[in-house]
Q: 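Got a structure here, written out as structure tokens. Questions coming.
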Amino acid sequence: IKTYTIMIDVYGKCGQLARAFSLFYGMKRAGPKPNVITYNAMIAACARNNEPNVAYRVFKEMQTCGIRPDKFTYGSLIDSCAKGGHVERAFHISELMDQNGVAKDQTIYSALMDACGRAKQLDRALLVYEEMKRNAVWPNLITFSVLIDTCANARQPEKAFQLFSEIKHWGYPRANVVVYTALIDACSKGGWPERAERVMESMVANGIRPNEISFGALMDGWTREGQISRAFEIIERMVKVHRVLPNAVLIGGLIDASRRLKEPDRAKAIWSVVVKYNIRPS
RNA sequence: GGAUGAAAAUAGA
């Protein structure tokens with residue numbers, strides 16, 4: 001049964017949901033009976049492959065078979081709602097947990113806040129954050145990255161900084177690269193590219209190395225302000241100073257910026273970046 | 001102590 005579960009998990013992670021299901025139903029017919037972990041793996045596979053309705057069906061089915069959902073089950077289900085944009089349903093699942101006496105942990109709260117964040121509902125995410133603290137669940141760095149990302153989506157950079165400053169009060173000496181990158185993204189989306197630059201400086205000063213995603217977020221801030229040249233400078237800088245190579249997403253950002261800003265003459269310069277760094281077009 | 005759940009950049013679906 002572990003072998004089956006591992007294979008279902010791996011198929012799910014490779015985007016082969018159909019194969020995961022054929023194993024799953026194969027075992028229901030002829031193999032070992034799926035246990036709670038198998039069901040959880042199947043629901044997680046649906047979540048990852050953006051099939052919230054299918055996830056819910058499997059959830060119902062496991063209960064029909066007399067298997068009690070645990071916090072992993074609920075976590076994956078909420079995640080499926082988050083990724084599918086079904087905020088209301090995510091909260092419904094949260095209520096189901098309360099009704100069934102399953103305690104909500106950091107992961108559950110992050111997934112719930114993530115559902116709010118993707119729907120740009122910052123106020124609601126903050127209510128979840130309050131509930132979490134009331135229930136004595138200690139926030140971790142993922143909690144903060146989700147909250148700050150929600151501020152980015154909701155275009156509330158000042159709130160992002162406020163949350164960022166809370167991190168040290170919870171016993172974390174410093175943030176990690178994901179939290180810093182989310183903060184850069186919040187500045188960029190909020191129209192504060194200069195502050196995004198300063199966030200990157202302070203992350204480097206604190207010994208956290210920016211990666212290509214961090215630079216992508218920073219670049220996005222400048223192109224949103226119409227400054228494509230700054231974006232090219234960032235690419236130079238990331239390679240020369242930080243030893244991080246640009247990837248296809250960065251190039252996509254340049255292409256899209258030149259399209260939005262009606263600067264088609266940038267095309268040659270963009271292509272020369274592709275050639276210079278040997279970037280495989282996506 | 002072996003299997004399952006949460007976070008970051010462009011565009012698109």
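Keep in mind the model is a prediction, meaning the values are calculated, not measured. No hydrogens, no waters, no symmetry mates; every other heavy atom, side chains included, goes into these values.
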Q: Taking ring pair (Phe, Tyr, Trp, His ring centres under 6.0 Å) as the definition, give me every residue that meets it alongside A:Tyr56, ordered by chain and number, with sequence neighbours left out.
A: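 If we apply the ring pair (Phe, Tyr, Trp, His ring centres under 6.0 Å) test to A:Tyr56, skipping adjacent residues, the hits are A:Phe59.
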Q: Answer yes if the ring centres of A:Tyr109 and A:Tyr129 are under 6.0 angstrom apart, and no otherwise.
A: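 That pair fails the under 6.0 Å test.
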Q: Would you give a per-nucleotide map of nucleotides 2-9 of chain B, 5' to 3', where B means the base has a protein non-hydrogen atom under 4.0 Å away, S means only the sugar-phosphate does, and - means neither?
A: BBBBBBBB
Q: Looking just at side-chain N and O atoms, do A:Glu197 and A:Trp222 make a donor-acceptor pair shorter than 3.5 Å?
A: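 The criterion, which ignores hydrogens and geometry beyond distance, is satisfied for A:Trp222 and A:Glu197.
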Q: Would A:Asn100 and A:Tyr74 count as a side-chain hydrogen bond (donor to acceptor under 3.5 Å, both in side chains) if you check the C-alpha gap in whole Å, the side-chain angles of each, and the deciding distance to 0.1 Å?
A: CA-CA 11 Å; A:Asn100 291 297; A:Tyr74 290 110; 3.3 Å; yes
Q: Whether the A:Gln121 and A:Arg124 side chains hold a donor-acceptor pair (N or O, under 3.5 Å, no angle test) is what I'd like checked.
A: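 A donor-acceptor contact under 3.5 Å links the two side chains.
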